[in-house]
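Notes for the one structure printed next.
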Amino acid sequence: MPQARTPQVAPAPPAAQRAARYWLMKSEPDECSIDDALAAPHQTVPWTGVRNYQARNFMRDDMQVGDGVLFYHSSCAEPGIAGLARIASATRADPTQFEPESPYFDPKSPPAQPRWLLLDVQALRKTRLLPLAELRAVPALASLRVLQRGNRLSITPVSDEEWAAVQALL
DNA sequence: GCCAACGTTGGC
DNA sequence: GCCAACGTTGGC
């Protein structure tokens with residue numbers, strides 16, 4: 001008895017099954033601030049340099065064009081949410097992994113199967129800076145990933161409720 | 001597959 | 001510059 005054929009390709013998961021529709025993305029303002037992104041052509045920058053598998057997998061598996069982004073400034077005098085942005089492209093290979101002179105060079109990444117991805121992020125607007133202390137004071141943001149102890153991920157999902165709570169602060 | 005050593009992140 | 005926390009590496 002022949003078995004029913006199984007689809008060769010799994011259907012894309014419905015939006016409700018994605019990890020999130022909103023994201024927080026960290027950028028060092030010395031490298032690319034919200035002002036830098038707003039000044040870029042089409043207010044769009046390639047999000048280069050992600051070298052963490054969890055963050056890469058969010059880009060690869062969950063992030064979609066149009067998703068909302070909290071643009072976060074890290075490793076600077078005033079860390080916090082500095083602007084709003086959106087995901088503006090699908091993923092593609094991050095070219096810096098193949099550039100020996102780049103700080104993001106990864107000699108172990110096989111060019112035929114690039115290990116690291118990026119996508120384009122379009123800045124929408126600069127906001128007033130929402131520093132960590134202010135975010136921590138909002139009960140609805142208690143579980144925001146960037147506020148958790150030891151958090152280091154440069155891309156983290158933001159729930160619908162957290163997104164709304166941030167918008168309410170602006 | 002364990003786990004110690006090491007490098008990096010990032011707030012303070 | 002300090003240091004806690006975390007991810008990665010590599011010997012065994």
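Throughout, a chain's letter reflects where its sequence line sits, starting with A, and its residues are numbered from 1.
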What is the separation between atom [atom1] on [X] and atom [atom2] on [N], rounded to the nearest whole Å?
X: A:Y53; N: B:dT8; atom1: OH; atom2: P; value: 16 Å
X: A:R152; N: C:dG7; atom1: CZ; atom2: C1'; value: 6 Å
X: A:N151; N: B:dG10; atom1: CG; atom2: C1'; value: 9 Å
X: A:Y72; N: B:dT9; atom1: OH; atom2: C1'; value: 11 Å
X: A:E28; N: B:dG11; atom1: CD; atom2: C1'; value: 12 Å
X: A:K108; N: C:dG7; atom1: NZ; atom2: P; value: 18 Å
X: A:L153; N: C:dG7; atom1: CG; atom2: C1'; value: 10 Å
X: A:I155; N: B:dG10; atom1: CD1; atom2: P; value: 12 Å

Inset, instruction - Using a cut-off of strictly less than 4.0 Å, decide whether A:Y104 has a side-chain nitrogen or oxygen near OP1 or OP2 of B:dT8. - result: no
Inset, instruction - Can you spot which of A:L24, A:L70, A:L144 makes a side-chain contact (heavy atoms from CB on, under 4.5 Å) with A:W163? - result: A:L70
Inset, instruction - Indicate the atoms forming the closest heavy-atom contact of A:A40 with A:V45, along with that distance. - result: CB-CG1, 3.8 Å
Inset, instruction - Using a heavy-atom cut-off of under 4.0 Å over every strand shown, decide if A:Q54 touches base, sugar-phosphate, or nothing. - result: sugar-phosphate
Inset, instruction - Measure centre to centre between the rings of A:W23 and A:F71, then say whether the value is under 6.0 Å. - result: no
Legend entry - Residues A:D106, A:R51: salt bridge by 4.0 Å N-O rule: no
